[in-house]
Amino acid sequence: MKAVFLDYQSLDKDDLDFSQLKAVFDDLVLYPSTSSEQVLERIQAVDVVITNKVVLDAEIIQQCPNLKLILISATGTNNVDLKQAQQQGIVVSNCQGYGTSAVAQHTLSLMLALANSLLQYDRAVKQGQWNKSSSFCLLDFPIVELSGKTLGILGYGELGKAVAKLAEAFGMKVLVGALPHRPIDSTRTPFTELLSQVDFLSLHCPLTDATRDLIAAKEFAVMKKTAFLVNCARGGIVNEQALADALRQGQIAGAATDVLSVEPPKQGNVLLSDDIPNLIITPHSAWGSVEARQRMLNQLVENMQAFQQGQPIRRVS
(Lines give C-alpha, C1' and ligand atoms only; values in the text may rest on other atoms or scores of the structure.)
Protein backbone atom coordinates (compact mmCIF):
# COMPACT_ATOMS: atom_id res chain seq x y z
CA MET A 1 0.00 0.00 0.00
CA LYS A 2 1.36 3.36 -1.06
CA ALA A 3 0.51 6.36 1.09
CA VAL A 4 1.26 10.05 1.51
CA PHE A 5 0.88 12.33 4.51
CA LEU A 6 0.22 15.73 2.97
CA ASP A 7 0.86 18.01 5.95
CA TYR A 8 2.52 16.16 8.82
CA GLN A 9 4.22 19.32 10.09
CA SER A 10 0.85 20.64 11.29
CA LEU A 11 1.14 17.99 14.02
CA ASP A 12 4.82 17.30 14.48
CA LYS A 13 7.28 19.65 16.15
CA ASP A 14 10.13 17.14 15.93
CA ASP A 15 8.78 15.45 19.05
CA LEU A 16 6.62 12.59 17.68
CA ASP A 17 7.40 8.96 16.85
CA PHE A 18 6.32 8.03 13.31
CA SER A 19 7.80 4.53 13.34
CA GLN A 20 4.52 2.64 13.83
CA LEU A 21 2.79 4.71 11.16
CA LYS A 22 5.56 3.99 8.67
CA ALA A 23 5.40 0.30 9.52
CA VAL A 24 1.79 -0.18 8.39
CA PHE A 25 2.54 0.94 4.83
CA ASP A 26 4.78 -0.47 2.13
CA ASP A 27 5.66 3.07 1.16
CA LEU A 28 4.82 6.26 3.09
CA VAL A 29 5.95 9.68 1.89
CA LEU A 30 5.82 12.45 4.48
CA TYR A 31 5.34 15.99 3.22
CA PRO A 32 5.73 18.85 5.73
CA SER A 33 3.00 20.76 3.88
CA THR A 34 1.19 20.69 0.56
CA SER A 35 -0.22 23.59 -1.43
CA SER A 36 -3.47 23.26 -3.36
CA GLU A 37 -1.48 23.19 -6.59
CA GLN A 38 0.57 20.21 -5.40
CA VAL A 39 -2.24 17.98 -4.13
CA LEU A 40 -3.21 16.12 -7.29
CA GLU A 41 0.35 15.33 -8.32
CA ARG A 42 1.13 13.91 -4.88
CA ILE A 43 -1.97 11.73 -4.41
CA GLN A 44 -3.00 10.62 -7.91
CA ALA A 45 -1.14 7.30 -7.80
CA VAL A 46 -1.44 6.38 -4.13
CA ASP A 47 -3.77 4.05 -2.24
CA VAL A 48 -4.01 6.05 1.00
CA VAL A 49 -3.95 9.78 1.72
CA ILE A 50 -3.43 11.23 5.18
CA THR A 51 -4.46 14.85 5.59
CA ASN A 52 -4.87 17.19 8.49
CA LYS A 53 -6.11 20.37 6.84
CA VAL A 54 -5.26 19.96 3.14
CA VAL A 55 -8.49 20.08 1.13
CA LEU A 56 -9.56 17.05 -0.90
CA ASP A 57 -12.54 18.28 -2.90
CA ALA A 58 -14.71 16.37 -5.35
CA GLU A 59 -12.70 17.46 -8.37
CA ILE A 60 -9.46 16.18 -6.84
CA ILE A 61 -10.93 12.90 -5.60
CA GLN A 62 -12.47 12.15 -9.02
CA GLN A 63 -8.98 12.13 -10.54
CA CYS A 64 -7.63 9.52 -8.12
CA PRO A 65 -8.78 6.09 -9.35
CA ASN A 66 -6.36 4.20 -7.07
CA LEU A 67 -7.46 5.89 -3.88
CA LYS A 68 -8.95 3.45 -1.36
CA LEU A 69 -8.65 5.20 2.00
CA ILE A 70 -8.50 8.76 3.32
CA LEU A 71 -7.23 9.17 6.88
CA ILE A 72 -8.00 12.54 8.45
CA SER A 73 -5.56 13.41 11.22
CA ALA A 74 -8.20 15.48 13.00
CA THR A 75 -11.80 15.15 14.13
CA GLY A 76 -13.24 17.69 11.71
CA THR A 77 -14.04 16.40 8.22
CA ASN A 78 -14.92 19.61 6.39
CA ASN A 79 -11.73 19.49 4.29
CA VAL A 80 -12.79 16.23 2.56
CA ASP A 81 -15.74 15.84 0.19
CA LEU A 82 -17.32 12.86 1.95
CA LYS A 83 -20.09 12.48 -0.61
CA GLN A 84 -17.63 12.12 -3.49
CA ALA A 85 -15.50 9.69 -1.50
CA GLN A 86 -18.57 7.57 -0.81
CA GLN A 87 -19.55 7.56 -4.47
CA GLN A 88 -16.11 6.17 -5.36
CA GLY A 89 -16.15 3.60 -2.57
CA ILE A 90 -13.35 5.33 -0.70
CA VAL A 91 -13.34 4.79 3.06
CA VAL A 92 -12.78 7.91 5.17
CA SER A 93 -11.77 7.65 8.84
CA ASN A 94 -10.92 10.44 11.26
CA CYS A 95 -9.37 10.69 14.73
CA GLN A 96 -11.48 11.10 17.85
CA GLY A 97 -11.00 11.90 21.51
CA TYR A 98 -7.21 12.20 21.27
CA GLY A 99 -7.11 15.66 22.86
CA THR A 100 -9.67 15.31 25.66
CA SER A 101 -7.20 15.57 28.55
CA ALA A 102 -5.25 18.38 26.91
CA VAL A 103 -8.30 20.50 26.10
CA ALA A 104 -9.87 19.96 29.50
CA GLN A 105 -6.60 20.97 31.14
CA HIS A 106 -6.35 24.07 28.96
CA THR A 107 -9.95 25.01 29.76
CA LEU A 108 -9.26 24.89 33.50
CA SER A 109 -6.01 26.79 33.06
CA LEU A 110 -7.92 29.61 31.35
CA MET A 111 -10.56 29.60 34.08
CA LEU A 112 -7.85 29.80 36.74
CA ALA A 113 -6.02 32.58 34.90
CA LEU A 114 -9.22 34.61 34.79
CA ALA A 115 -10.15 33.87 38.40
CA ASN A 116 -6.68 34.80 39.67
CA SER A 117 -6.14 37.81 37.37
CA LEU A 118 -2.94 35.96 36.52
CA LEU A 119 -1.91 37.94 33.46
CA GLN A 120 -2.59 41.28 35.14
CA TYR A 121 -0.42 40.38 38.12
CA ASP A 122 2.38 39.06 35.92
CA ARG A 123 2.29 42.27 33.89
CA ALA A 124 2.18 44.46 37.01
CA VAL A 125 5.24 42.78 38.53
CA LYS A 126 7.24 43.07 35.33
CA GLN A 127 6.27 46.74 35.03
CA GLY A 128 7.62 47.44 38.54
CA GLN A 129 4.34 47.96 40.36
CA TRP A 130 5.22 45.44 43.10
CA ASN A 131 8.48 47.28 43.71
CA LYS A 132 6.45 50.38 44.58
CA SER A 133 3.95 48.62 46.85
CA SER A 134 3.62 49.95 50.42
CA SER A 135 2.85 46.39 51.57
CA PHE A 136 4.53 43.00 51.16
CA CYS A 137 1.96 42.06 48.52
CA LEU A 138 0.13 43.58 45.59
CA LEU A 139 -3.64 43.10 45.44
CA ASP A 140 -4.65 45.54 42.72
CA PHE A 141 -6.74 43.06 40.74
CA PRO A 142 -9.69 40.91 41.85
CA ILE A 143 -9.12 37.27 42.82
CA VAL A 144 -12.05 34.88 43.07
CA GLU A 145 -12.11 31.26 44.18
CA LEU A 146 -13.50 28.58 41.90
CA SER A 147 -14.80 26.72 44.94
CA GLY A 148 -18.50 27.37 45.38
CA LYS A 149 -18.89 28.99 41.96
CA THR A 150 -21.31 27.73 39.32
CA LEU A 151 -19.90 26.45 36.03
CA GLY A 152 -22.25 26.18 33.08
CA ILE A 153 -21.26 23.80 30.29
CA LEU A 154 -22.71 23.92 26.79
CA GLY A 155 -21.80 20.74 24.93
CA TYR A 156 -21.69 17.74 27.26
CA GLY A 157 -19.85 15.18 25.21
CA GLU A 158 -16.49 13.67 26.12
CA LEU A 159 -14.83 17.07 26.51
CA GLY A 160 -17.63 18.67 28.47
CA LYS A 161 -17.69 15.75 30.88
CA ALA A 162 -13.91 15.91 31.37
CA VAL A 163 -14.11 19.62 32.18
CA ALA A 164 -16.98 18.98 34.59
CA LYS A 165 -14.92 16.38 36.45
CA LEU A 166 -11.99 18.77 36.88
CA ALA A 167 -14.28 21.61 37.92
CA GLU A 168 -15.95 19.47 40.56
CA ALA A 169 -12.50 18.70 41.99
CA PHE A 170 -12.15 22.46 42.56
CA GLY A 171 -15.46 22.48 44.42
CA MET A 172 -17.53 24.02 41.64
CA LYS A 173 -21.22 23.37 41.07
CA VAL A 174 -21.71 22.18 37.49
CA LEU A 175 -24.82 22.87 35.42
CA VAL A 176 -25.23 21.31 31.99
CA GLY A 177 -27.06 23.63 29.64
CA ALA A 178 -29.62 22.73 27.00
CA LEU A 179 -28.66 24.06 23.60
CA PRO A 180 -31.53 26.12 22.15
CA HIS A 181 -32.09 23.77 19.19
CA ARG A 182 -32.14 20.62 21.34
CA PRO A 183 -35.01 19.13 23.39
CA ILE A 184 -34.85 19.94 27.11
CA ASP A 185 -34.84 17.07 29.60
CA SER A 186 -34.42 16.84 33.36
CA THR A 187 -30.63 16.64 33.10
CA ARG A 188 -30.30 19.99 31.30
CA THR A 189 -30.81 23.56 32.47
CA PRO A 190 -32.73 25.73 29.98
CA PHE A 191 -30.38 27.91 27.95
CA THR A 192 -31.41 31.39 29.14
CA GLU A 193 -31.77 30.21 32.73
CA LEU A 194 -28.25 28.78 32.58
CA LEU A 195 -26.80 32.05 31.31
CA SER A 196 -28.31 34.02 34.17
CA GLN A 197 -26.98 31.63 36.85
CA VAL A 198 -23.40 30.86 35.89
CA ASP A 199 -20.20 32.36 37.25
CA PHE A 200 -18.26 30.65 34.46
CA LEU A 201 -19.59 29.53 31.08
CA SER A 202 -17.53 26.95 29.18
CA LEU A 203 -18.28 26.04 25.55
CA HIS A 204 -17.66 22.55 24.16
CA CYS A 205 -20.29 22.23 21.42
CA PRO A 206 -19.55 21.91 17.69
CA LEU A 207 -19.92 24.84 15.31
CA THR A 208 -23.05 24.28 13.21
CA ASP A 209 -25.68 26.51 11.66
CA ALA A 210 -27.61 26.13 14.92
CA THR A 211 -24.70 27.13 17.18
CA ARG A 212 -23.21 29.94 15.10
CA ASP A 213 -23.42 33.19 17.13
CA LEU A 214 -24.91 31.16 19.97
CA ILE A 215 -23.43 33.66 22.43
CA ALA A 216 -24.04 37.21 21.20
CA ALA A 217 -25.24 40.58 22.52
CA LYS A 218 -28.58 39.26 23.77
CA GLU A 219 -26.90 36.45 25.70
CA PHE A 220 -24.24 38.69 27.25
CA ALA A 221 -27.01 40.98 28.49
CA VAL A 222 -28.49 38.06 30.47
CA MET A 223 -25.22 37.03 32.13
CA LYS A 224 -23.95 38.31 35.46
CA LYS A 225 -21.51 41.22 35.36
CA THR A 226 -19.19 39.04 37.43
CA ALA A 227 -19.34 36.08 35.01
CA PHE A 228 -16.52 34.74 32.85
CA LEU A 229 -16.72 33.07 29.43
CA VAL A 230 -14.30 30.38 28.21
CA ASN A 231 -14.39 29.08 24.63
CA CYS A 232 -12.24 26.06 23.77
CA ALA A 233 -14.75 24.84 21.16
CA ARG A 234 -14.84 26.70 17.84
CA GLY A 235 -14.65 30.29 16.72
CA GLY A 236 -18.01 31.49 15.45
CA ILE A 237 -19.98 30.05 18.36
CA VAL A 238 -19.33 33.38 20.08
CA ASN A 239 -20.06 36.55 18.14
CA GLU A 240 -16.69 38.27 18.34
CA GLN A 241 -17.90 41.84 18.00
CA ALA A 242 -20.50 41.24 20.71
CA LEU A 243 -17.81 39.79 22.99
CA ALA A 244 -15.53 42.77 22.44
CA ASP A 245 -18.42 45.14 23.21
CA ALA A 246 -19.48 43.17 26.30
CA LEU A 247 -15.97 43.31 27.76
CA ARG A 248 -15.51 46.99 26.99
CA GLN A 249 -18.89 47.82 28.55
CA GLY A 250 -18.34 45.61 31.60
CA GLN A 251 -21.30 43.36 30.85
CA ILE A 252 -19.17 40.38 31.90
CA ALA A 253 -15.99 40.26 34.00
CA GLY A 254 -13.70 38.56 31.52
CA ALA A 255 -13.26 35.98 28.80
CA ALA A 256 -10.74 33.55 27.39
CA THR A 257 -10.79 31.91 23.98
CA ASP A 258 -8.56 29.38 22.26
CA VAL A 259 -10.36 29.83 18.94
CA LEU A 260 -11.26 32.56 16.48
CA SER A 261 -13.68 32.64 13.56
CA VAL A 262 -10.83 32.69 11.01
CA GLU A 263 -7.57 30.93 11.84
CA PRO A 264 -4.88 32.09 11.62
CA PRO A 265 -6.21 35.69 11.82
CA LYS A 266 -4.06 36.97 8.96
CA GLN A 267 -6.56 39.71 8.14
CA GLY A 268 -6.90 40.71 11.80
CA ASN A 269 -9.79 40.16 14.17
CA VAL A 270 -11.89 42.47 16.33
CA LEU A 271 -10.74 40.58 19.44
CA LEU A 272 -7.10 41.42 18.77
CA SER A 273 -7.62 45.08 19.63
CA ASP A 274 -5.45 46.12 22.58
CA ASP A 275 -8.22 48.11 24.30
CA ILE A 276 -10.34 45.08 25.25
CA PRO A 277 -10.09 44.47 29.01
CA ASN A 278 -9.54 41.08 30.65
CA LEU A 279 -9.44 38.98 27.50
CA ILE A 280 -7.07 36.03 27.09
CA ILE A 281 -6.49 34.58 23.62
CA THR A 282 -4.49 31.43 22.93
CA PRO A 283 -3.73 30.25 19.36
CA HIS A 284 -5.91 27.12 19.02
CA SER A 285 -3.28 25.34 21.08
CA ALA A 286 -5.49 23.64 23.67
CA TRP A 287 -5.29 20.27 21.91
CA GLY A 288 -1.57 20.38 21.22
CA SER A 289 0.13 18.46 24.03
CA VAL A 290 2.79 16.05 22.85
CA GLU A 291 0.73 13.22 24.34
CA ALA A 292 -2.40 14.23 22.41
CA ARG A 293 -0.54 14.56 19.13
CA GLN A 294 1.09 11.15 19.60
CA ARG A 295 -2.33 9.64 20.37
CA MET A 296 -3.52 11.05 17.05
CA LEU A 297 -0.71 9.29 15.19
CA ASN A 298 -1.49 6.08 17.06
CA GLN A 299 -5.14 6.36 15.98
CA LEU A 300 -4.03 6.72 12.35
CA VAL A 301 -2.18 3.43 12.77
CA GLU A 302 -5.27 1.79 14.31
CA ASN A 303 -7.48 3.12 11.51
CA MET A 304 -5.14 1.74 8.86
CA GLN A 305 -4.87 -1.66 10.52
CA ALA A 306 -8.65 -1.91 10.87
CA PHE A 307 -9.06 -1.05 7.18
CA GLN A 308 -6.57 -3.75 6.19
CA GLN A 309 -8.61 -6.25 8.21
CA GLY A 310 -11.78 -5.22 6.38
CA GLN A 311 -13.36 -3.66 9.47
CA PRO A 312 -12.81 0.12 9.29
CA ILE A 313 -13.12 2.07 12.54
CA ARG A 314 -13.85 5.75 13.23
CA ARG A 315 -15.42 5.75 9.79
CA VAL A 316 -17.12 8.96 8.68
CA SER A 317 -17.81 7.91 5.06
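Applying the salt bridge (Lys or Arg N to Asp or Glu O under 4.0 Å) rule to Arg188 yields no partners; only residues at least two apart in sequence or on another chain are considered. Not counting sequence neighbours, Tyr98 has no partner by the ring pair (Phe, Tyr, Trp, His ring centres under 6.0 Å) test. With sequence neighbours excluded, no residue forms a salt bridge (Lys or Arg N to Asp or Glu O under 4.0 Å) with Asp7. Not counting sequence neighbours, the partners of Tyr121 by the ring pair (Phe, Tyr, Trp, His ring centres under 6.0 Å) test are Phe141. Listed by chain and number, the residues in a salt bridge (Lys or Arg N to Asp or Glu O under 4.0 Å) with Glu302 are Arg314 (sequence neighbours excluded). With sequence neighbours left out, Phe18 forms a ring pair (Phe, Tyr, Trp, His ring centres under 6.0 Å) with Tyr8.
Applying the side chain to side chain donor-acceptor pair (under 3.5 Å) test to every pair with at least one member in residues 28-39, sequence neighbours left out, gives these pairs: Thr34-Arg42, Ser35-Glu37, Ser35-Gln38. Counting only residues at least two apart or in different chains, side chain to side chain donor-acceptor pair (under 3.5 Å) contacts with residues 145-160 comprise Thr100-Glu158. Sorted by first and then second residue, the pairs that involve residues 193-221 and meet salt bridge (charged side-chain N to carboxylate O under 4.0 Å, His left out), not counting sequence neighbours, are Asp199-Lys224. Sequence neighbours left out, the pairs with a member in residues 53-66 that pass side chain to side chain donor-acceptor pair (under 3.5 Å) are Gln62-Gln84.
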Show me, pair by pair, the donor-acceptor contacts under 3.5 angstrom made by side chains of residues 110-117, not counting sequence neighbours?
residue, atom, partner, partner atom, Å
Asn116, ND2, Leu112, O, 3.4
Ser117, OG, Pro142, O, 2.6

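Residue Leu138 is found in a hydrophobic cluster whose other members, listed by chain and number, are Val125, Trp130; membership requires side-chain heavy atoms under 4.5 Å apart, directly or through intermediates.
In summary, Lys2 and Asp27 do not engage in a salt bridge, as defined by a charged side-chain N under 4.0 Å from a carboxylate O.
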